Amino acid sequence: MNIKDGSIDSSIDDSIDGFIGSAKLLTCEIVYMRSICHLLVMPLECGRFLLLIINSVSTENLVDIRRVSFSYRNRSVLREISMQVPRGKVVAIMGGSGCGKTTLLRLIGGQLHANAGEVLVGGQNVAQLDNTALYRLRRKMGMLFQFGALFTDLTVFENVAFQMREHTDLSEQMIHDMVLMKLHAVGLRGAQQLMPYELSGGMARRAALARAIALDPMLMMYDEPFTGLDPISMGVIGNLIRRLNDALGLTSILVTHDIEESLKIVDYVYFVSNGRIEAEGTPDEIRVSQQAFVHQFVHAEEDGPVPFHYPAPDYAQDLGITDMRQAGVGQA
Amino acid sequence: MKPGNPFVRMGHATLEGISRLGTATRFLLQILWRSGTSWRRFHLIVREIYSSGVLSLIIIVVSGLFVGMVLGLQGYQTLRTYGSAESLGVLVALSLVRELGPVVAALLFASRAGSAITAEVGLMKTTEQLQAMEMMAVDPMARIIAPRFWGGVISMPLLAAIFSMTGIYGGYMIGVRLLGVDDGAFWSQMQSAVDLRDDVVNGIIKSVVFGFVITLIALFEGYDAVPTAEGISRATTRTVVTSSLAILALDFVLTAFMFKGA
C-alpha cells in the first residue's frame, strides 16, 4: 500500500466501507429471512409443544406396558407382560433374581426394544423414537443403578453437576447452588468434595440418587436400591424414595426383591415370575394374599412355586446309583 | 457340530475373527461420526492428552535416553572399525527418527496408555457407568470414547518425537562426551544426512498411524470387554498383544511403502 498516495488510500477505505456495507446488508437480509422462517415455523412448533403437553398430561398412566414380550437370543425373558404405572405413584416390580425385572426398566428407558408389544412413556412409544427423541425423553427420566454407577473420576459434586453441565447453559453459580440443594436433600452436602471410592455403599447410593434427580425428572427408576445395604441405610434410601417422589411430584418404579422395605413405601406391587405377572395388588392386599407364589415370596419359603432345585435329571440316575442297582440285581 | 474337530474349530475362530473385525470397523465409524462434540469441547480431548500423553512422558523419556545411549555405544564400536566414528550422529538420528522412535514409543504407549484405556473403559462398562450415561441422555461414544481416541492419536506422534529427541541426546552423551567423537562432526553430519521429507515426516506418519491403531484397539477391547474382572483382565492383555503385533506388522508395511529402492 502506498502511504503517501492519499487517493489510493481513500479508494481502499471506500472499498472496505463498501464491503462492510454490503456485509451488513447481507446480515440484515439473513436475519430478516430467518425471522420470516421462524414466524412460519412457530405455529408448527407451538402446535407440537401443545400436543406434547396435552399428550403427557392427558395420559393417566405415565408408563404403560402393553403385552410386551422379550427374549435374549433364544431365552424368553418376558412373555406378554402388561402393567401400568400411574402418575405420582411409587410402583414396585418384584420377583426373584433373573426374572426380567431389570429388563423391564431397560425397555422403559429404551436401552432394549421389545420383540412384541409396546412400551409407552408419557404417551410416546419408546421403540418408535429416533435417537434424538429418545435422548430428549431420557432427560425426563432418572435412574438409580444397583451400585450407584457414580463416575469414578469425578467428585460427588461433579457427579451431580454432570447432567447440568451436559444439558444446560446454567451459570457456574447456579449449578453450584442447585447441586448443593440436591445433595442437601439426600444428606450429603458435607460430602460434596469426596471421591466415589471414599463413600460407603449407602452414601454412594444416595449420591447417585442426588445425581438422578439433578434435572428434576418426571419418572424415576430404581434398580435394586436396597441391595447390599445395612438396615439403617436401607431405611434412609426407602424414605428418600418416598419423600422425593411426593415432594418433587415424580412417578417412581422400584425394581427390587426386598419385600419388607419396599412394602413400607410403595403404592402398588407387581410380582413377576417366569416372564409373567404372577400377582399384583396394594401392599395390604399382598400381605394377606394366599396366592402360593406371593405367600412363598412374602414369607421367604425355600420351596414352592419357585422351586429350590434347578431343573435336573433324576438324582439317583445322575449319581449312577440306578445303574449299580441294576448291575447288583443282575448279579443276584 | 463336533467341538473336537480342528477344521470346525478353525472355521469357527475365522468367522469370529471376521465378525469382530466388522464390529471394530463399525465402532471406528461411530467414533468418527460422533467426534464433533469432542472437537467443539476441546477440553475433553486435552484431558485425554494429559492422561495418555503427559502421564506416559517419564517412561518415554527414560526409555528414549537408554535406547539412544545403547545406540551410541554399539554404533561407535562398529563405525570405529571402518574409521568413520564421526558418522555416529547420522546413525543414531536415522535409526531413531525412521524406526526406533515411532516403533518403540508405540510399543511403550500400547503398554502404558493402551492398557490403561482398556481397563478404564472396561471398568466403566462393568460398573454400569456407560449405561448410566446413556440413561442421562449423554452419548458415551461422544463423551467418553471419541475424546480418548483423539487424545491418543494426538499424543502418539508427540511422544515419538520426544523419544527420538531424548534418544539423540543419549547418543550424543555417549558418543561425544564419553567416547570422544568430534562434536561438530556429530551434529553437522546428522544435519546434512537427515532429510525432512524422507526421514522426519515419514517417522511422524508412522507414529500417527500407530497412535490411531493402538487407541482404536484399546478402546474397542475396553468397550467390548466381558463385564467381569476376568473379562477386563483378558481385554487388557489382548490390547497389549494385538497392538504390539499390529505395530510391528504395520511398521513393515509402511516402511515397504516408504522404501525408495537403490
Side-chain angles (χ1 to χ4, degrees), chain A residues 102-103 105-112 121 126 129 131-154 158-168 196-197 204-205 207-215 217 219-224 227 253, chain B residues 16 19 26 29-31 33-34 36-38 40-52 54-55 113 116-148 151 219 222-223 225-229 232:
Chain A
T102 307
T103 305
L105 287 192
R106 290 191 178 175
L107 287 169
I108 295 168
Q111 288 181 304
L112 296 173
V121 178
V126 178
L129 297 177
N131 221 28
T132 319
L134 182 65
Y135 271 31
R136 205 180 300 136
L137 181 66
R138 279 184 187 162
R139 287 187 200 187
K140 297 179 207 160
M141 294 178 181
M143 184 152 174
L144 180 67
F145 284 81
Q146 194 167 351
F147 295 105
L150 288 170
F151 302 131
T152 40
D153 55 338
L154 302 178
E158 287 302 325
N159 261 285
V160 180
F162 183 80
Q163 261 183 300
M164 298 176 194
R165 294 196 202 287
E166 290 292 322
H167 296 314
T168 68
Y197 65 81
R205 215 69 60 91
L209 183 51
R211 185 181 67 176
I213 57 166
L215 289 184
L219 172 68
M220 265 304 295
M221 294 185 276
Y222 300 89
D223 187 8
E224 308 277 13
T227 307
I253 303 175
Chain B
E16 206 177 275
S19 155
R26 273 178 53 191
L29 293 177
Q30 275 186 358
I31 292 176
W33 181 249
R34 293 172 197 186
T37 317
S38 314
R40 277 194 298 276
R41 295 167 65 187
F42 196 68
H43 68 275
L44 293 175
I45 296 182
V46 171
R47 208 179 125 160
E48 299 313 322
I49 292 175
Y50 174 78
S51 52
S52 303
V54 178
L55 294 182
I117 289 173
T118 304
E120 189 188 15
V121 175
L123 266 172
M124 287 182 105
K125 186 182 177 186
T126 311
T127 52
E128 295 181 313
Q129 292 179 48
L130 297 181
Q131 283 182 34
M133 204 171 271
E134 262 185 29
M135 282 306 297
M136 286 184 215
V138 178
D139 185 0
M141 288 302 283
R143 182 64 174 69
I144 298 288
I145 305 296
R148 278 166 178 71
L219 285 168
Y223 201 74
V226 178
T228 58
I232 292 171

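Order of the sequence lines fixes the chain letters, A, B, ..., with proteins taken first and strands second; residue numbering starts at 1 for each chain. Worth saying up front: this structure is predicted, and the values here are computed from it rather than measured.
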*Side chain / backbone / both / neither for A:L215 at chain B, heavy atoms under 4.5 Å*: neither
*Can you name the nearest heavy-atom pair linking A:R211 to B:A132, along with the distance?*
NH2-CB, 3.8 Å
*Report yes if some heavy atom in the side chain of B:R47 is under 4.5 Å from a heavy atom in the side chain of A:D153; otherwise report no.*
yes
*Nearest 0.5 Å please: distance from the CD1 atom of A:I108 over to the CE atom of B:M135.*
9.0 Å
*Taking the side chain as every heavy atom from C-beta outward, state whether A:E166 and B:R41 have any atom pair closer than 4.5 Å.*
yes
*Hey, which of A:M141, A:R139, A:Q111 has the most heavy atom pairs under 4.5 Å with chain B?*
A:Q111
*Begin from the C-alpha positions of B:E120 and A:T152 and carry the test side-chain contact (heavy atoms from CB on, under 4.5 Å) through to its verdict.*
CA-CA 10 Å; B:E120 189 188 15; A:T152 40; over 6 Å; no
*Check A:R138 against B:A137 and note the closest heavy-atom contact, atom names and distance.*
CB-CB, 4.0 Å
_Within this structure, what is the CZ-CE distance for the pair A:F151 and B:M124, rounded to the nearest 0.5 Å?_
6.5 Å
*Please determine, among A:F147, A:Y135, A:F162, the option with the most heavy-atom pairs under 4.5 Å with chain B.*
A:Y135
*Taking A:Q146, A:M221, A:M143 one by one, which has the highest count of heavy-atom pairs under 4.5 Å against chain B?*
A:M143
